[in-house]
Each structure stands twice: as C-alpha cells, then as structure tokens.
2 protein chains.
Amino acid sequence: MMAPMALEHAILVSLLEQPGSGYELARRFDRSIGRFWTATHQQIYRVLKRMESDGWVIAEEIGQDGRPDKRAYSVAEAGRAELITWLRDPVQPEAVRHELAVKIRGAAFDDAAGRAALISEVERYRKTHEAVLERYVHGEGRDFPAGTELDAGQRLQHVVLRGGIAYERMLLDWLDDVLDTLRAL
Amino acid sequence: MMAPMALEHAILVSLLEQPGSGYELARRFDRSIGRFWTATHQQIYRVLKRMESDGWVIAEEIGQDGRPDKRAYSVAEAGRAELITWLRDPVQPEAVRHELAVKIRGAAFDDAAGRAALISEVERYRKTHEAVLERYVHGEGRDFPAGTELDAGQRLQHVVLRGGIAYERMLLDWLDDVLDTLRAL
DNA sequence: GGTTGCTATGCAACTAGTTGCATAGCATGA
DNA sequence: TCATGCTATGCAACTAGTTGCATAGCAACC
C-alpha cells in the first residue's frame with residue numbers, strides 16, 4: 001500500500017517520544033513537531049481514531065482535576081512495527097509548494113505599485129522568519145546546552161533542529177537578496 | 001474567497017511568461033516551475049478547464065504537423081486582473097512537510113540495522129540533491145551568464161533560481177551533519 | 001505490419017488536508 | 001450570575017492533490 005501517510009508516522013514518533021492526548025499532540029504540532037510537519041487538531045483527532053481502530057495506538061481515559069477529562073494515547077506493538085517498516089521505505093520526493101517564489105516571478109507582470117506592495121510583504125515575511133530563527137536558537141540553547149551528554153534520541157532531535165536553524169538562516173539571506181533585487185528593478 | 005489556489009496563479013504566471021498547452025505546462029512543472037510548485041498533468045488539465053470557464057485563460061486549437069493537435073492557452077484580461085489581486089494578498093504561512101526529518105527522529109526507536117538503512121537512504125537522498133544542485137548551477141550559467149543585461153522578468157527568475165541554489169547547498173551541508181550524527185550514534 | 005515511444009488530452013475514484021462549526025468541563029474575574 | 005478563556009473532543013462539508021487508467025495521433029524502427 002505504498003509509503004505515504006506521513007502524518008500517522010509523525011504521530012507515532014511523537015507518541016513514542018512522549019504519550020499524550022490529541023490536544024497535547026495538536027499543541028506539539030504547533031511547536032517542536034510543527035517544524036517539519038503540520039496538522040490541525042481536527043485532522044489529528046480523526047487520524048488518532050483510525051490509528052486506534054487499526055491497533056496502532058491504545059487510548060486510556062484519564063480523569064483530571066480542574067480540567068476536562070482526556071484520552072491519553074500510547075503506541076501499541078503494531079504501531080511500532082508499522083513505524084519501523086515505514087522508516088525503512090525510501091523517502092518520497094517532496095512536493096514543493098513555495099508561494100512566495102510564485103509571487104516573485106509574478107511581480108514581472110505587475111506595476112510599480114504592485115512591486116512596492118511585494119517589497120512590504122517580503123519585509124513582513126522576513127520579520128516572521130527572524131522570529132522563528134530566534135525561537136529555534138533559543139530552544140537550542142535551552143534544550144541542548146554545550147557540553148551536555150545527550151542520548152541518541154536527543155542527538156537526533158538536535159540535528160533536526162540544526163536543520164531548521166540552517167534553513168531559516170539561508171532563507172533570511174535569500175530574502176535580503178530578493179529585497180535588493182526588487183528594489184533595484 | 002480567501003487567498004489559496006496557488007496552482008491557478010502559478011499557471012497564470014507561467015502562461016504570461018509564455019503561452020502554451022496543458023502538455024507544455026506539465027513539462028514546465030517538471031523543470032523550471034517545478035522548482036517551487038509541483039502538479040501532475042491530470043491536475044493541470046482539470047484546472048485549465050476551470051480557468052477557461054472562469055474566463056481567466058483563452059484556448060486556441062492548434063493543428064500541428066507530425067504530432068497531435070493541441071489546445072494552446074493564453075491569459076485573458078480577467079486572469080491578469082485575478083493574478084494582480086492575488087499578488088497583493090499576504091503570503092500564506094506555508095505548510096511544512098519534511099518526511100526525512102520525521103524519519104530521523106523516528107530512528108531513535110529503531111535498532112542498529114534500521115539506523116544503517118537510514119544512513120543508506122540519506123546517502124541516496126543526498127546524491128539526488130547533488131544532481132539537483134548541479135542542474136540548477138548549470139541552468140544559471142546557461143540562462144544568466146555574468147555580464148549580461150537582464151530585463152525585470154529575467155532578474156526575478158534569476159533571484160528565484162538563486163534561492164533554489166542556496167536551498168540545495170544548505171540541504172547538502174545539513175545532510176552531511178545528519179550523516180555524521182547518525183554514524184556517531 | 002507491429003511495436004515502441006513521445007505528444008497530447010482527459011475521466012473516475014480516492015486520499016489528504018482545510019474550514020467552519022459545535023459541544024462541554026472547569027477556572028477566574030467582573 | 002454571567003462572560004471570558006483555556007482545555008478537550010469531535011462532525012460535516014469542502015477543496016486540493018494523487019493514482020490508476022484510457023484514448024488517440026503520429027514517427028521511427030524492426
């Protein structure tokens with residue numbers, strides 16, 4: 001049945017790192033995991049139901065004080081086996097979707113006002129990514145301080161974070177190049 | 001009606017750069033445009049039909065010698081107006097989907113054989129991106145030789161290509177980091 | 001005369017992901 | 001007591017994209 005369905009596998013990895021409820025997963029998908037996979041809470045709940053009925057995960061109702069009850073999920077043996085099979089499949093070539101690049105090439109067909117608007121937009125976009133980089137670098141200093149012994153899982157998390165940092169730095173440099181190019185038109 | 005539907009807009013940009021048939025567009029989406037937006041020929045034909053019935057593009061049947069006839073599309077006024085409106089909308093925050101990063105974090109839950117398989121896979125992945133970078137650099141030398149006068153459209157195409165090159169270089173460096181990390185586990 | 005292969009277009013069924021909405025528990029403060 | 005806001009879960013309708021398949025023109029080669 002082919003290889004896709006990466007959301008399921010991202011959830012398996014996250015639940016293996018730390019079991020949790022759909023709500024907690026949704027919040028992780030807004031932070032750490034969200035760096036390389038995104039999903040809404042609706043989709044997460046839907047997929048968790050399917051994974052539960054496939055026997056990949058096990059749910060446990062947990063009563064809580066001072067807040068609503070929750071269903072905490074953890075990975076079952078079948079889920080772990082599925083993950084390991086998937087890990088050994090080749091990586092799918094990724095579907096590129098870079099809207100900003102489309103807009104930059106599209107700017108050739110807009111007038112001076114449109115190009116000015118695009119410059120503002122690129123500046124705004126750059127600011128949001130500056131903030132993202134700052135957040136990553138801060139997280140790196142907090143979670144992986146120099147000179148600390150790290151286990152395998154932490155070293156793998158760290159190398160993925162370094163990828164995010166490298167990406168954001170590359171992006172900021174390129175956005176400067178874009179701004180120079182747009183201003184020189 | 002919100003802002004998404006970027007495929008339509010990528011097609012508009014491509015047809016403004018150069019009118020052409022669905023087949024020709026599909027080939028461009030395998031090369032230049034494919035650098036920042038992907039689509040299958042089935043989807044392109046489907047979307048072109050919709051764009052035609054919305055009056056964004058105009059089709060012309062062209063009889064050809066030595067090969068089947070084709071329907072050549074060009075952008076209508078309504079399509080150009082739509083593109084310009086879209087260009088001025090804010091860029092949507094992109095949905096990140098980085099399967100390899102999921103697999104790297106997942107490797108913490110696999111055994112030595114699984115990590116060895118991942119190393120091979122990363123090496124293979126690295127080779128394909130080496131080839132991509134080479135292709136980009138070659139294309140840059142061919143299309144944008146140093147010291148040439150470029151018009152606005154070409155300068156914009158060039159800066160987008162530079163982004164692709166910067167991305168691939170960053171990626172190759174990071175993959176080396178990943179390989180070092182995996183081997184040191 | 002048949003096969004292979006590129007050009008050219010498309011339908012149908014499916015999967016994945018988005019958007020809008022709804023419900024409910026419980027705490028805090030006005 | 002009412003409003004606000006966070007925790008927590010979910011349904012329904014929709015849009016976008018994928019996959020598998022089908023058809024046909026025409027050239028070149030065997």
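Here is the naming used below: chain letters follow the sequence lines, and residue numbers restart at 1 for every chain. Being a predicted model, the structure only gives us computed values, none of them experimental.
The side chain of A/Q43 places no N or O atom within less than 4.0 Å of a non-bridging phosphate oxygen (OP1 or OP2) of C/dA16.
For CZ of B/R183, the number of neighbouring non-hydrogen atoms (other residues, nucleotides, ligands) closer than 6.0 Å is greater than 12. The 12-atom threshold is exceeded at CD of A/E94, counting heavy atoms of other residues, nucleotides or ligands nearer than 6.0 Å. Heavy-atom neighbours of A/Q154 CD from other residues, nucleotides or ligands within 6.0 Å: above the threshold of 12.
The terminal axes of the helix from C/dG1-D/dC30 to C/dA30-D/dT1, fitted over 5 pairs per end, subtend an angle of 10° to the nearest 10°.
For A/Y125, the ring pair (Phe, Tyr, Trp, His ring centres under 6.0 Å) criterion is met by A/H129, not counting sequence neighbours. Checked against salt bridge (charged side-chain N to carboxylate O under 4.0 Å, His left out), B/D111 has the following partners two or more places apart in sequence or in another chain: A/R88. Judged as a salt bridge (charged side-chain N to carboxylate O under 4.0 Å, His left out), and not counting sequence neighbours, B/E168 has no contacts. By the side chain to side chain contact (heavy atoms under 4.5 Å, CB included) test, A/A116 pairs with no residue at all, sequence neighbours left out. With sequence neighbours excluded, the residues satisfying side chain to side chain contact (heavy atoms under 4.5 Å, CB included) with A/A152 are B/L185. A/T40 pairs by the side chain to side chain contact (heavy atoms under 4.5 Å, CB included) definition with A/Q42, A/Q43, not counting sequence neighbours.
For DNA chain D, the neighbouring residues in residues 10-30 of chain A, judged by any heavy atom under 4.0 Å, are A/S21, A/G22, A/Y23, A/R27. Looking at residues 45-52 of chain A, you'll see A/Y45, A/K49 sit with a heavy atom under 4.0 Å from some atom of DNA chain D.
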Exercise answer: donor-acceptor pairs, residues 56-68 of chain A side-chain atoms, under 3.5 Å, sequence neighbours excluded:
residue, atom, partner, partner atom, Å
A/E61, OE2, A/R71, NH1, 2.7
A/Q64, NE2, A/P68, O, 2.6

Distance-only check: which donor-acceptor pairs under 3.5 Å involve side-chain atoms of residues 135-148 of chain A, not counting sequence neighbours?
residue, atom, partner, partner atom, Å
A/E140, OE2, A/H158, NE2, 2.8
A/T148, OG1, A/P145, O, 2.6

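For B/Y73 and B/R97, each mapped to the nucleotide of DNA chain C holding its nearest heavy atom, the one lying further toward the 5' end belongs to B/Y73.
The cationic atom of A/R97 (NZ for Lys, CZ for Arg) lies less than 6.0 Å from the six-membered ring centre of B/W37 and within 45° of the ring axis.
Under 3.5 Å, the side chain of A/Q42 and the base of C/dG20 form at least one donor-acceptor pair of N or O atoms.
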Along nucleotides 23-30 of chain D, 5' to 3', which nucleotides get a B, which get an S, and which get a -, given that the test is a protein heavy-atom distance under 4.0 Å?
--BSS---

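Remark: B/I44 CD1 to B/E24 CD distance equals 11.5 Å, nearest 0.5 Å.
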